[in-house]
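Per chain, numbering begins at 1; letters A, B, ... match sequence-line order.
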There are 2 protein chains.
Amino acid sequence: MRYEELIAQPCSITRPLTVLGDRWTFLVVKQAFAGVRRFDDLQASLGISRSRLADRLDRLVEHGILRREPYKDTRTRMEYRLTDKGLDLYPVLLAIRDWGDRHMAPDGPPVHYRHRDCGGEAHVHLACDRCGDELTARDVAPAPGPGAAEG
Amino acid sequence: MRYEELIAQPCSITRPLTVLGDRWTFLVVKQAFAGVRRFDDLQASLGISRSRLADRLDRLVEHGILRREPYKDTRTRMEYRLTDKGLDLYPVLLAIRDWGDRHMAPDGPPVHYRHRDCGGEAHVHLACDRCGDELTARDVAPAPGPGAAEG
DNA sequence: CCACTTGCGTCCCGAAACGGAACTCTGGTA
DNA sequence: TACCAGAGTTCCGTTTCGGGACGCAAGTGG
């Protein structure tokens with residue numbers, strides 16, 4: 001009850017978290033980015049229970065993050081693919097990856113994410129749109145925007 | 001059971017998610033960034049139950065994301081503050097915010113995150129470390145790194 | 001000294017979410 | 001006709017959760 005009210009709050013952090021902030025949803029998205037698209041493959045690669053996976057996929061499709069498409073090989077199967085809205089989650093994924101590499105990967109990064117064109121590494125940067133400076137949490141202050149609740 | 005094995009996987013995305021990927025943990029971190037530091041304030045601002053909050057705070061302290069400190073006004077209280085490791089989560093927070101602003105904020109951004117020095121807006125960018133190009137999911141390919149499990 | 005308040009939790013119970021195995025349904029294949 | 005695979009659905013026992021009651025320690029007022 002109380003938790004569901006969070007989604008109604010005009011906050012661009014809590015609203016995504018009410019969709020993505022559970023045990024499995026973001027892991028499903030991660031697998032989608034890794035090219036895992038079929039129900040059984042998702043289920044086997046994550047170890048999620050089938051009923052839970054079905055539920056999470058439904059929610060992701062409802063929210064327009066994945067789309068469900070028939071997939072033809074010899075017979076009709078289904079596959080789940082990221083929509084443009086889903087693909088926009090990539091910076092979130094790599095921001096988490098950057099943090100994991102720095103703080104939870106004692107043996108070095110398990111996976112490099114490389115720019116296809118030049119082979120360099122992809123990293124997330126927090127920067128000021130006006131002056132271009134690289135920023136940290138201490139350099140930033142929140143201020144009300146147009147979508148804030150009045151009052 | 002099965003879920004706990006995920007934390008053992010050498011993946012810099014799943015490992016953070018086993019800590020942060022539940023209903024409340026990341027919301028607690030978000031409040032910490034907003035300057036909410038005391039138990040009762042966290043509880044009231046999020047609507048999380050007290051027992052759950054106590055548990056989540058313990059886990060965040062265990063993982064070195066928050067630290068518990070005595071706080072003196074007239075008597076002894078406790079406060080929870082972000083460690084450096086916790087502060088490093090800011091790009092994740094703003095990456096989620098960017099996505100939320102774009103896809104879940106029909107009335108415009110509820111909150112601006114402004115550079116203290118120049119008043120510009122802080123945004124997250126995905127870029128190539130070598131050539132400097134701005135990247136999207138389609139421009140990036142994963143490749144094994146030093147921390148990958150052998151075999 | 002004793003009652004009262006405040007901050008910070010813990011305990012407990014009914015409700016919701018979860019995991020896993022079994023089952024269903026659809027569409028090939030032999 | 002029997003068999004198999006993919007994609008879920010159903011069911012049930014377990015885990016986690018929410019929320020109110022309770023505990024406790026440190027001041028505060030009388």
Original post:
When you measure from the side chain of Thr25(A) to the backbone N and O of Asp22(A), does any donor-acceptor pair fall under 3.5 Å?
Top reply: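 Looks like no, no N/O pair under 3.5 Å.
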**OP:** May I ask you to check whether Tyr80(A) and Arg68(A) show a side-chain donor-acceptor distance below 3.5 Å?
**Re:**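 Indeed, the side chains of Tyr80(A) and Arg68(A) share at least one donor-acceptor pair under 3.5 Å.
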Original post:
For Glu121(B) and His115(B), does a side-chain donor sit closer than 3.5 Å to a side-chain acceptor?
Top reply: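 Result is no, nothing qualifies.
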Original post:
Does OP1 or OP2 of dG9(C) have a side-chain N or O of Tyr80(B) closer than 4.0 Å?
Top reply: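 For dG9(C), OP1 or OP2 has a side-chain N or O of Tyr80(B) closer than 4.0 Å.
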Original post:
For dG8(D), does OP1 or OP2 lie under 4.0 Å from any side-chain N or O of Arg38(A)?
Top reply: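 Checking Arg38(A) against dG8(D): no side-chain N or O falls below 4.0 Å of OP1 or OP2.
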Subject >> DNA chain D contacts made by residues 44-54 of chain B, counting heavy atoms under 4.0 Å >> reply: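 Hits under 4.0 Å, by residue number: Gly47(B), Ser49(B), Ser51(B), Arg52(B).
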Subject >> Residues Asp101(A) and Arg97(A) bridged, charged N to O under 4.0 Å >> reply: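 A salt bridge is present here (some side-chain N lies under 4.0 Å from a carboxylate O).
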Original post:
Is any NZ, NE, NH1 or NH2 atom of the basic residue among Arg77(B) and Glu79(B) found under 4.0 Å from an Asp or Glu carboxylate oxygen of the other?
Top reply: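 Looking at Glu79(B) together with Arg77(B), the answer is no, because their closest N to O distance does not fall below 4.0 Å.
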**OP:** Check every atom of dG8(D), dG7(C), dC18(C) against the side chain of Trp24(A) and return the nucleotide holding the closest atom.
**Re:**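 The nucleotide sitting nearest to the side chain is dC18(C).
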Original post:
Counting side-chain heavy atoms from C-beta on, which of dG9(C), dG19(C), dG7(C) comes nearest to Arg23(A)?
Top reply: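 Nearest to the side-chain atoms of Arg23(A), counting from C-beta on, is dG19(C).
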Original post:
Rounded to the nearest Å, what distance is computed from the CD atom of residue Gln43(B) to the C1' atom of nucleotide dA21(D)?
Top reply: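 Distance, rounded to whole Å: 14 Å.
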Subject >> Arg77(A) CZ - dC4(D) C1' separation (whole Å) >> reply: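 Rounded to the whole Å, the gap is 12 Å.
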